[in-house]
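Chain A is the first sequence line, chain B the second, and so forth, proteins listed ahead of strands; every chain is numbered from 1.
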There are 2 protein chains.
Amino acid sequence: MDKPPTIADVAKLAGVHKATASRALNPRTSGQVNAATARRVLTAAKRLRYQPNTVARSLSTNRSATVGVLVPDLTNPLFPLVVRGIEDALDNQGYTALLANTDNDPERAGAQFDALLSRRVDGFLIATARREDPLLTRAHDQGIAVVLVNRSTDVPLFPAVTGDDAAGIAAAVEHLRDLGHRRLAHLAGPAGMSTGSVRARAFRQHAGECAPVVECASYTEEAGAEAARRLLDEHPGSTGIVAGNDMIALGALQVLRERGLDCPQDVSVIGFNDMRFVDKLVPPLTTVHVPHHRLGAEAAQLLLEQLDRPDRAPKTVTLPLHLVVRGSTAPPR
Amino acid sequence: MDKPPTIADVAKLAGVHKATASRALNPRTSGQVNAATARRVLTAAKRLRYQPNTVARSLSTNRSATVGVLVPDLTNPLFPLVVRGIEDALDNQGYTALLANTDNDPERAGAQFDALLSRRVDGFLIATARREDPLLTRAHDQGIAVVLVNRSTDVPLFPAVTGDDAAGIAAAVEHLRDLGHRRLAHLAGPAGMSTGSVRARAFRQHAGECAPVVECASYTEEAGAEAARRLLDEHPGSTGIVAGNDMIALGALQVLRERGLDCPQDVSVIGFNDMRFVDKLVPPLTTVHVPHHRLGAEAAQLLLEQLDRPDRAPKTVTLPLHLVVRGSTAPPR
DNA sequence: CTGAAAGCGCTTACAG
DNA sequence: CTGAAAGCGCTTACAG
């Protein structure tokens, strides 16, 4: 219950000045001190079970070894994987993630951002980017280190790690084509996010400008269902649906059931993300697999490099995606 | 890009000493300063967009407004909800969660615990408790504030917020009984965790000492499947299975399919937790709903109270659970 | 009600 | 190679 030992305690026990103890304890500076002295310090530290006070160190170095992570909602099955990837990459380097949920609310995002800033995070990993995002503009103006995850912005302010959305959609369209589908449609994600617009553009490019695209209000099952209803009302002949993501696909599946349409016999459906449990649905969902853990890990890595030597060129990393064919796609009847 | 303003900047602009500025800025001490002066300070702070440096404050107050959260694995669908509950409750009070995954590895748990301690968290929320847990004993000896979430320990060292596991199992058994089942079995979670042992004990109590109980090595689909195979080999007549949790139930469902047994026609299965998407399985899983978000929120609340006035009586909060009847249970044929 | 001072536990130029 | 000192940005008894 008594206070943890400080570096002064270690120094006293080792019979040196605390500056020396500090140098001996820090791997980066331990070369500056006599090997024998260093050893004495290390032993003393071990004896006392000394744990450096990270808070004091941060104040002194102006580095907190902490990064802020902004996600829309941890409860959305994608993000735990991203966050885990981030944490795993950060852990290695002694960094810690400070998580904040924005719930897709720009105001809340701003408040969380400021709170994190007040905790003196060294940088941010942001998974909530919109194509035009005032928060990001502000961060850029203030010279704050940021790496974008999963979504990017129209003008590339920051480095970003995303999946190759266009290639993913291309693979989806090609798969349906190969099965013999000719009447394809896209249930697009919100156009305000890069994932929504990039995927929609890729769909148009590969399926042709005439293929119907209906935009969903959000990446949710409900919005997906609503859009699917509109689609089926206006284009009842559609036999192959490429959904903007898995949640939207779930909504589509639900609407097909509502209308007595069988998937995949009457209509094939492809999702995007390959989130957990979509392989256990009936039918198991054909979808584009996104390596979310790796997305997070690479982004964290990039941010760490960025912090080491700031580099103004916002390089972008695009991770390859692949289609996972399961039961929700089949030849049209 | 220039440094953020400090309290000294605010004080100078307001024409007061920084001690006064500090008092004016802190709601708890602002009563000590003249209202007019206080207003001047607030305006100055606003003009400069002053954000207090939390790190400096922490060093000075010896409080970091930060709590460590230990979960087995964020990627397990239960925990995002728990964590979200924690964060929502913490946010209100200006606290931040520092998350760490232990992957059920005691060594890793210890390392994460120390790392968090080195960041001077004010306390811990721990969802990784084992019934006898050396880490918790150590934390208790060191007088560290801890609240347990979801799982508790055999000897009550700390306050804990858990679901009413026994009542949940009772409801499950009763439901099967009401449907007419007489040959019940339990696929128990690991006995080393309170959830595993409490649920198993409750099952025995309600289903009778002769009802078979097979323990799973872990709360995973694979372990559940393995246990289900053993159960069906030794007790082929079982018609009602109560699983230790939903993942185990998934494993059981898989084994039933393997053996050409229909659920619920041949065998009824009940899960535990009501994790996301189990309502979309075929058949939709009947399961005991656990309010994970609330579990996290209540635990955070309890920890915050604990930090305010340490109270050595480890009070325990038990949240009511209810059975959600879906498609995986039916009368025996 | 306000100021001056000390202190929280580190790190890091600066001397020697 | 090591020590003495200053400083990071706050807070909080202590005087007045």
Side-chain angles (χ1 to χ4, degrees), chain A residues 2-42 44-45 48-66 94 115 117-122, chain B residues 2-42 44-45 48-66 94 115 117-122:
Chain A
D2 30 42
K3 329 206 117 183
T6 72
I7 201 167
D9 299 322
V10 175
K12 193 178 336 165
L13 183 59
V16 299
H17 192 266
K18 69 193 169 80
T20 307
S22 171
R23 293 190 191 98
L25 257 11
N26 184 335
R28 230 193 46 256
T29 51
S30 61
Q32 299 171 23
V33 15
N34 179 296
T37 328
R39 224 171 304 122
R40 278 215 321 284
V41 174
L42 271 307
L48 297 176
R49 300 215 192 134
Y50 171 69
Q51 295 273 57
N53 182 330
T54 317
V55 172
R57 171 181 294 161
S58 298
L59 185 58
S60 174
T61 58
N62 201 25
R63 292 289 231 91
S64 63
T66 251
L117 230 33
S118 154
R119 290 195 178 269
R120 295 304 187 264
V121 295
D122 296 330
Chain B
D2 29 41
K3 326 204 121 183
T6 71
I7 200 167
D9 299 321
V10 175
K12 193 180 332 167
L13 183 59
V16 299
H17 191 266
K18 67 192 170 85
T20 307
S22 172
R23 292 190 192 100
L25 258 11
N26 185 336
R28 230 193 45 257
T29 51
S30 61
Q32 299 171 25
V33 13
N34 179 296
T37 327
R39 226 171 303 123
R40 279 217 319 285
V41 173
L42 271 306
L48 296 176
R49 298 211 191 140
Y50 171 70
Q51 295 274 57
N53 181 330
T54 317
V55 172
R57 172 182 292 162
S58 298
L59 185 58
S60 174
T61 58
N62 202 26
R63 291 289 231 91
S64 62
T66 252
L117 230 33
S118 153
R119 289 193 179 270
R120 295 304 186 265
V121 294
D122 295 330

What is the distance, to the nearest angstrom, from the CG atom on A:Asp122 to the P atom on D:dC8? 18 Å

Atom-to-atom span, CD1 of A:Ile7 to C1' of C:dT11 - whole angstrom: 8 Å

What is the distance from atom CZ of B:Arg39 to atom CG of B:Asn34, rounded to the nearest 0.5 Å? 8.5 Å

Could you pull out all donor-acceptor pairs under 3.5 Å where a side-chain atom in residues 13-27 of chain B meets a protein atom, sequence neighbours excluded?
residue: B:His17; atom: ND1; partner: B:Ala19; partner atom: N; Å: 3.0
residue: B:Asn26; atom: OD1; partner: B:Arg28; partner atom: N; Å: 2.8

Starting the side chain at C-beta, find the nucleotide from D:dG3, C:dG3, C:dT12 nearest to B:Ala19. C:dG3

Between C1' on D:dG9 and CZ on B:Arg63, what's the gap in Å once rounded to a whole number? 19 Å

Separation of A:Asn62 atom CG from D:dG9 atom C1', in whole Å? 10 Å

Closest contact, heavy atoms only, A:Leu59 versus B:Val55: N-CG1, 3.7 Å

Anything below 3.5 Å on both distances counts as a pair; with that, list the stems of at least three consecutive Watson-Crick or G-U pairs involving DNA chain D. C:1-3 with D:14-16, C:5-12 with D:5-12, C:14-16 with D:1-3

Rounded to the nearest angstrom, tell me the gap between atom CZ in A:Arg28 and atom P in C:dC10. 16 Å

Output the single nucleotide from D:dT2, D:dG3, D:dA6 whose closest atom is nearest the side chain of A:Arg23. D:dG3

Which heavy atom of B:Val33 sits nearest to which heavy atom of B:Thr37, and what is that distance? CG2-CB, 4.0 Å

Side chain proximity check, A:Asp9 to A:Tyr50, heavy atoms < 4.5 angstrom: no

Round to a whole Å and report the spacing from NZ of A:Lys18 to P of D:dC1. 21 Å

Residue whose nearest DNA chain D nucleotide is more 5′ - B:Pro5 or A:Gly31: A:Gly31

Among the nucleotides D:dT2, D:dG3, C:dT2, which one has an atom lying closest to any side-chain atom of B:Thr20? C:dT2

Calculate, to the nearest 0.5 Å, the distance between atoms CG and OG belonging to A:Asn53 and B:Ser58 respectively. 9.0 Å

What one should report as the nearest heavy-atom pair of A:Ala65 and B:Arg119 is O-NH2, 2.7 Å

Minimum-distance pair of heavy atoms, taken over all atoms of B:Arg120 and A:Pro52: NH1-O, 4.1 Å

Sorted by number, residues from residues 52-60 of chain A placing a heavy atom under 4.0 Å from DNA chain C are A:Asn53, A:Ala56, A:Arg57, A:Ser60

Counting the atoms with a prime plus P, OP1 and OP2 as sugar-phosphate, which does B:Asn34 contact under 4.0 Å by heavy atoms, base, sugar-phosphate, or nothing? sugar-phosphate

Between the base of C:dG9 and the side chain of B:Arg120, is there any donor-acceptor pair under 3.5 Å? no

Could you tell me whether A:Ser22 contacts a base, only the sugar-phosphate backbone, or nothing, with contacts defined as non-hydrogen atoms closer than 4.0 Å? base

Expressed in angstrom and rounded to an integer, what is the separation of B:Leu25 atom CG from D:dT11 atom C1'? 12 Å

CG (B:Asn62) with more than 12 external heavy atoms under 6.0 Å: no

Would you kindly give the CD-to-P distance between B:Gln32 and D:dT11, to the nearest whole Å? 12 Å

Measure from the side chain of B:His17, starting at C-beta and using heavy atoms only, and say which of C:dC14, C:dA4, D:dC10 lies closest. C:dA4

Can you measure from OG1 (B:Thr61) to CG (B:Asp122) and round to the nearest 0.5 angstrom? 8.0 Å

